[in-house]
Peer 1: 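Dumping the structure here so I can ask a few things about it.
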There are 2 protein chains.
Amino acid sequence: MIESYFDGISCHKDYVLAVKDTLNVVSGKWKLAIVCSLFHEKKRFSEIERMIPPITPRMLSKELRELEVNGVIVRNVITSMPIVIEYDLTLSGRELRGVVDKMVEWGLLHRQATISELT
Amino acid sequence: MIESYFDGISCHKDYVLAVKDTLNVVSGKWKLAIVCSLFHEKKRFSEIERMIPPITPRMLSKELRELEVNGVIVRNVITSMPIVIEYDLTLSGRELRGVVDKMVEWGLLHRQATISELT
DNA sequence: CTGGATCCAATGAGATACTG
DNA sequence: CAGTATCTCATTGGATCCAG
C-alpha cells in the first residue's frame, strides 16, 4: 500500500505527471459531473444532457470527446434503427470513484473544520 | 467508512459542494504544487518560489492569498529583525495529502491501463 | 437525437518592471 | 525579501444557429 509519494523535499516526475493526468480528467466545470453521471450505468447523449443542467450540447460534446481521448469513457454506436449512441466508463473511468470519494471526504471535513474554527 | 457518495441516480447537493471545494483547492496550474511544497515543512515566499519554477511572484502571491482565504494555508508574520513571513499548511491543508495520493495512484494505474491497451 | 460551427465574454496565466 | 502594477496573450465556457 502507498504511504505517500512525497519525500518532503522533491517529488518524482512520474508522480507529478500522474497528478496532472488525474487533474486533466477531474477539473473543469463539467468533466467530473459527466463521469459521475455514468457511474451507475451507460447513458445516451441526451440523457446526460438532462442530468447535468444547464450544460449546452456544445460543451457536452466537447467534454465527451476529451474524456474519450483520455481513455475515461467509450463511445458506442449501436447500429439499430434509428442509430443509438451510448457512452460508458472504461475500467479506468470506473476507478475514478475512489478519487471522487476522497475528494468528497476532504471537502466535507474541510468545511466542518473551517466552520468550527469561526465559532 | 465511506462506500460511495453516489446512489447511481443523483448526488446529494452537499457532496457536489464538497467536490467543488476540493476542486477549488487542487485545480489550476500552481495550487497543488504549492500545497505539496509545504507538506514537509513551512516555507518562506522565496523558498516556495525557488521550489516551483517557473512561477512568477505575481502568480505565487495570488495563489497563496487564495489558499489562505480557503483555509488551506496560514500566513505567519514573524516580527523579528528583519521581518520574516512564513507560510504553513493548516490541519485541513495537511489532510490534502490523502487526496493527492489518491490522485497519483489513479494517474499511475490509468497510464498503465491505457498503454497496455495499445500493445 | 447527436452533435458541428461560429462568435463572444470571462477568467487564467505570463512578462516585465517596480516598491517598502 | 516579499510582494504590486500594468500589459498582454491563452484558455475556458456560454449563446446561438445549423446539419446529418
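Numbered from 1 within each chain, the chains take letters A, B, ... in sequence-line order.
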Peer 1: Nearest-Å distance, CD (A/E47) to C1' (C/dC1)?
Peer 2: 11 Å

Peer 1: Out of D/dA2, C/dG3, C/dC7, which nucleotide sits closest to the side chain of A/R58?
Peer 2: C/dC7

Peer 1: Between C/dG14 and B/T56, is there an OP1 or OP2 to side-chain N/O distance shorter than 4.0 Å?
Peer 2: no

Peer 1: Measure from the side-chain heavy atoms of B/P57 and tell me the nearest of D/dG13, D/dG3, C/dA13.
Peer 2: D/dG3

Peer 1: For the pair A/E86 and A/K43, find out whether any cationic side-chain nitrogen is under 4.0 Å from an anionic carboxylate oxygen.
Peer 2: no

Peer 1: The side chain of A/S46 lies closest to which of these nucleotides: D/dG3, C/dC1, D/dC1?
Peer 2: C/dC1

Peer 1: Roughly, in whole Å, what's the span from NZ in B/K31 to C1' in C/dT11?
Peer 2: 12 Å

Peer 1: Between A/L38 and A/R94, what is the shortest heavy-atom contact and its length?
Peer 2: O-NH1, 3.8 Å

Peer 1: Could you go through the side chain to side chain contact (heavy atoms under 4.5 Å, CB included) check for B/I85 and B/F45 one step at a time?
Peer 2: CA-CA 7 Å; B/I85 298 173; B/F45 189 93; over 6 Å; no

Peer 1: B/K62 or A/V84: which one's nearest nucleotide on DNA chain C is closer to the 5' end?
Peer 2: A/V84

Peer 1: Measure from the side chain of B/I85, starting at C-beta and using heavy atoms only, and say which of C/dC1, D/dA2, C/dA13 lies closest.
Peer 2: D/dA2

Peer 1: Can you tell me the distance, in whole Å, between the CZ atom of B/F45 and the C1' atom of C/dT19?
Peer 2: 14 Å

Peer 1: Considering only C/dA13, D/dA2, D/dG3, which nucleotide approaches the side chain of B/S61 most closely?
Peer 2: D/dG3

Peer 1: Are more than 12 heavy atoms from other residues, nucleotides or ligands located less than 6.0 Å from atom CG of A/L91?
Peer 2: no

Peer 1: When the distance from CG of B/L23 to C1' of D/dT12 is rounded to whole Å, what number comes out?
Peer 2: 14 Å

Peer 1: Distance check needed: C/dC1 P versus A/I55 CD1, whole Å only.
Peer 2: 16 Å

Peer 1: Within less than 4.0 Å of OP1 or OP2 of D/dT4, is there a side-chain N or O belonging to B/R65?
Peer 2: yes

Peer 1: Consider the side chain of A/K29, meaning its heavy atoms from C-beta on, and name the nucleotide among D/dG13, C/dG14, C/dG3 that approaches it most closely.
Peer 2: D/dG13

Peer 1: Can you tell me if the side-chain N/O atoms of B/Y87 get under 4.0 Å from OP1 or OP2 in D/dG3?
Peer 2: yes

Peer 1: Measure from CG on B/N76 to P on D/dG3 and round the result to the nearest Å.
Peer 2: 12 Å

Peer 1: Can you tell me how far P of D/dT8 sits from CE of B/M59, to the nearest Å?
Peer 2: 19 Å

Peer 1: When the distance from CD of A/E66 to P of D/dT12 is rounded to whole Å, what number comes out?
Peer 2: 7 Å

Peer 1: Using the six-membered ring of B/Y87, assess whether NZ or CZ of B/R44 lies under 6.0 Å from its centre and within 45 degrees of the ring axis.
Peer 2: no

Peer 1: Look at B/R75 and D/dG3 and indicate whether a side-chain polar atom (N or O) is within less than 4.0 Å of OP1 or OP2.
Peer 2: yes

